[in-house]
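Shown next, in structure tokens, is the structure this report addresses.
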There are 2 protein chains.
Amino acid sequence: MAAKGGGSPDLPVVGQPPAERADAARSRRILLAAAREMMAECGVRALTMDGLAARAGVGVGTVYRRFTDRGGLALALLDSEEQRFQSDFIFGPPPLGPGAPPLERVRAFLCAYLDRLEVEADLHAFAEAQNRESRFRAGVYRTHRAHLAGLLTQADVGMDPAYLADVLLGVVSGELFLHHNRERRLSPAQLKANVGQVVDRLTSPCR
Amino acid sequence: MAAKGGGSPDLPVVGQPPAERADAARSRRILLAAAREMMAECGVRALTMDGLAARAGVGVGTVYRRFTDRGGLALALLDSEEQRFQSDFIFGPPPLGPGAPPLERVRAFLCAYLDRLEVEADLHAFAEAQNRESRFRAGVYRTHRAHLAGLLTQADVGMDPAYLADVLLGVVSGELFLHHNRERRLSPAQLKANVGQVVDRLTSPCR
DNA sequence: GAGTGAAGCGGAATTCTCTCCGCTTCAACG
DNA sequence: CGTTGAAGCGGAGAGAATTCCGCTTCACTC
């Protein structure tokens, strides 16, 4: 897979996929903009691949080439926020980033996740729904799980850290958030409190 | 589902939806049988509404009239097992049924759920996927949650019982089960152990 | 047993997703 | 610049989900 070496300009970076061609980048930009407009107007439900193609003035084939499928489109729409989020919890200041005690960081991670959901829950739920099969294998999920599992390992909670990470990520799924938010009328603050308690309990080897 | 019952024949039972007409019951039977055959042959993925109609020799309209949509079909396929399960945890012998201490029953409930998943995980995952929006509102989910929330209330765990119930039900989702089973190679026994630990921890107000 | 209204039924039509494939455009190289 | 192969593009078309609606059948009443 890897490309050539790297020192002089123009050479692709080792280990990185070759950059998008100019025309491809252009249609990605157009498509993402159109997608956001459609969402703003009619919500995620109205976001169809056909409709997007029509709206953006490109062929369906192009939409699929850019995003692979509906799930890919959802992930692409979340991508810029995700980038920020990842760099925050990997490089950013504590308690989200390194420096704070591990469990502190776990709590901060989940709270930050809930903050994202407050804004993007629909899109998250949409992405989860569309990536049903591949969800747990997708890069984003694996990154989050690896991060949490690492912290839980450091904290030495007496239990399979990867399993716990899965459980915690389930607790902040977009679907569940919408349910709690809409049907059960739990406020963001209540949700954070609940999630905090769940973390506390799950990470204390009581009995 | 319940028949007419009661003393005099023909009178509809109060509060029950009127029984299915004979022809409707017949096509339900035919469709469910055909659906099970299709699943047995090619797995859930092959279970399409169109294909089912063709296989059962009825029109698509009939399939939709019987099951509303794909999600409804999935639930219908799980129904007989679900009936058994519900009567087990409501009326059956302890520790699943009444008689055992509440937390014992919670553990038993989740283990029994995992036992079902061992057999029907695909179908559960399929049902979850198809009922995405309505999942938490659906009768089955509400029944399970009410049951768990009731037990958690009795056990007086110091935390919103309904919220905990949602978390616990998330832990036994079909999707997650498949992931743990297939990708992470966790055996049923390991899963039960993990779930057991999760229950223990979530229900002990440690700190 | 004829009448009747609700429940069922079929299947064409609509709307999507996703695939396929021939044609076009980049951009790296000489 | 001209060449060239990979990458991109468009859109027809296959396969599905779901809706619609006119026709049929059931089950109950008189």
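These numbers come from a predicted model, not from an experiment. Below, chain A is the first sequence line, B the second, and so on; all start at residue 1.
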Measure from the side chain of A:Ala22, starting at C-beta and using heavy atoms only, and say which of C:dC18, D:dA17, C:dC26 lies closest. C:dC26

Angle between ring planes, B:His179 versus A:Tyr141, binned at 30° and 60°: parallel, tilted or perpendicular?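 Plane angle over 60°, so perpendicular.
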
Parallel under 30°, tilted from 30 to 60°, perpendicular over 60°: which one fits the rings of A:Tyr113 and A:His144? perpendicular

Please report, rounded to the nearest Å, how far the [atom2] atom of [N] is from the [atom1] atom of [X].
X	N	atom1	atom2	answer
A:Tyr64	C:dC18	OH	P	4 Å
A:Glu133	C:dT17	CD	P	18 Å
A:Met49	D:dA17	CE	C1'	17 Å
A:Leu73	C:dC18	CG	P	10 Å
A:Arg70	C:dC16	CZ	P	10 Å
A:Leu52	C:dC18	CG	P	13 Å
B:Asp69	C:dC16	CG	P	17 Å
B:Asp50	C:dG10	CG	P	14 Å

Taking atom CZ of B:Arg26 as the centre, does the number of heavy atoms from other residues, nucleotides or ligands within less than 6.0 Å exceed 12?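 Not buried by this count: 12 neighbours or fewer within 6.0 Å.
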
Between A:Val106 and A:Thr203, is any pair of side-chain heavy atoms under 4.5 Å apart? no

Rounded to the nearest 0.5 Å, what separation is found between the CZ atom of A:Phe89 and the CG atom of A:Leu148?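 One gets 8.0 Å once the value is rounded to the nearest 0.5 Å.
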
Side chains of A:Asn194 and A:Gln190, donor plus acceptor under 3.5 Å: no

Reading 5' to 3' through nucleotides 2-10 of chain D, protein heavy-atom contacts under 4.0 Å coded B for base, S for sugar-phosphate only, - for none: ----BBBBB

